Amino acid sequence: MKELIHNQRAYFNTNATKNVAFRKAQLKKLKAVLKQNEALLYEAIFQDFKKSEFDTYSTELSFVYHDISEAINKVGKWSRVKRARTNLINFPAKTYVIPEPLGVTLVIGAWNYPYLLSLAPVIAAIAAGNTVILKPSELPSNTSRAMAKIINENFDANYLRVIEGGVAETTALLAEKLDKIFFTGSVPVGKIIYQAAAKNLTPVTLELGGKSPAIITADSNLKMAAKRIVWAKFLNAGQTCISPDYILIDAKVKSAFIDLVKQEIEQAEYATTNHNYVQIINESNLERLAKMIDPAKVIIGGEIDRVERCIAPTVMDNVSFEDAIMQEEIFGPIMPIITYESLAEAIAKVKSYPKPLSLYVFTKNKAQRAQVLNELSFGGGGVNEAIMQITNHHVPFGGVGESGIGSYHGESGFKAFSHYKSVIDKPTWFELSLKYAPRSAKKLKWVKFLMGQK
Ligand code: NAD
């Protein structure tokens, strides 16, 4: 690790990665090698957790390809030196802001969307002109191996390298001085990363998780709410960071909502054999989820197939905030339903939890929509929609409070891997004498005037 980081730093210091044409060429190459090896990528992820080609393309590779194309098209604009206004006291200087890469960067990926969550930050790091070490999650071992093979066989290790491994390898990487750490994963590991980074004052982006609520008010379009929530909840078998974790619904409409949820689940025919459902990533996560299911509260699903590593889409009714399922992020295909009597009560409850990564409100009532959006803090979210906010690359994606630090996607990703260097550039043919001795009341007056103060 030490040698790799040393060599990447030496390569970064040659300034080769700062060249915009070089960055574009690397991005084009990455796209080409991914396309050439697409069959391997599909096969690996299917072996890991039976994720189909349809789901892999629509929820991962399409975003990866889009990000690469966008970065190629826009890196020239993003990396351009930007002129800024100059204040009067600095006349006749010019001021500009130079975006510069940070240096040797480390991307640590999560397992649930293994290609997207590893490669999207790598694309942003390359676009910003850094060298990159990617440490994908070790849990989907085939996808990790596939990325290592594709990247390590095609890129110079001094520029872009995949290091496979788990805690030991990540800990060894974190012991070294890095210029940026971009982490996607759980809150507890996020805290470990932040502490390790603090030792060297390394900047971090932490894309974490948490319990994201879906609030349904009495006057929402219940049919559409059920349709969109069921899709969002059971996509990737609930193993999605921005999945609606639990439902907070006005007690008056709960039973109507449950009927509609049942219809939606039946229509979707979730089954790994249909290729429209995925496995739980491993046995330990399956057992963790199994413990959260309270059979007395299950009203839909609840079946666990340990051989197939599969949990049927499950809905639990009459759940309270004290239940096991409400003590941690679910990250699986279980939908707990909790009722509320007043929206104010629901808002107060959400506020008592750490700030969620996402929050969804299903309502036709403008005042209630405004109330939720104004009063609650969350990373990002939707009104009458869930998960789809992530597909819009025109807006930043990230958490707040315990759900994360920083953001990415589109230009935000470029910014996450850049420093913006402000420079004052002053000619030598003129110099104000105000800052020099001797000081006087008259000079102070001028200083006040030139600094814009009366
Ligand atoms: P995780 O925190 O267990 O693992 C993430 C990465 O950290 C992996 O690469 C892993 O090898 C590494 N790691 C694990 N333990 C470590 C340790 N002790 N020291 C150093 N590195 C360590 O998370 P996960 O299970 O892969 O992903 C699930 C979590 O990630 C959920 O909480 C989910 O909400 C969150 N998530 C967030 C986003 C987002 O964009 N905000 C996206 C996907 C997942």
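Predicted model, so just to flag it, every value in this text is computed and none were measured. Computation of the quantities below employed the complete heavy-atom set of this structure, encompassing side-chain atoms and omitting hydrogens, waters and symmetry-equivalent molecules. Quick note: residue numbers are just sequence positions, from 1. Both counts, for ligands and for their atoms, begin at 1 and track the order of listing.
The environment of Lys29 atom NZ is dense: over 12 non-hydrogen atoms of other residues, nucleotides or ligands sit within 6.0 angstrom.
When distances from atom 4 (O) of ligand 1 to the protein are checked, no heavy atom turns up under 4.0 Å.
For ligand 1, one of its N or O atoms has an N or O atom of Ser186 under 3.5 Å away. In terms of N/O distances under 3.5 Å, ligand 1 is not approached by Thr171. Checking only distances, Glu138 does come within under 3.5 Å of ligand 1, N or O to N or O. At least one N or O atom of Gly109 sits closer than 3.5 Å to an N or O atom of ligand 1. The shortest N or O to N or O distance between Leu174 and ligand 1 is not below 3.5 Å. Residue-to-ligand polar distances place Trp111 within reach of ligand 1: an N/O pair is separated by less than 3.5 Å.
The distance from atom CD1 of Ile334 to atom CE of Met292, rounded to the nearest 0.5 Å, is 6.5 Å.
Annotation: salt bridge (Lys or Arg N to Asp or Glu O under 4.0 Å) contacts of Lys50 (sequence neighbours excluded): Glu308.
Residue Ala110 has at least one heavy-atom neighbour below 4.0 Å for each of these atoms of ligand 1: 26 (O), 27 (O). The distance from ligand 1 to the heavy atoms of Glu329 drops below 4.0 Å at these ligand atoms: 31 (C), 32 (O), 33 (C), 34 (O).
Ranked by closest heavy atom to atom 41 (N) of ligand 1, the top entry among Leu117, Leu208, Thr240, Ile330 is Leu208.
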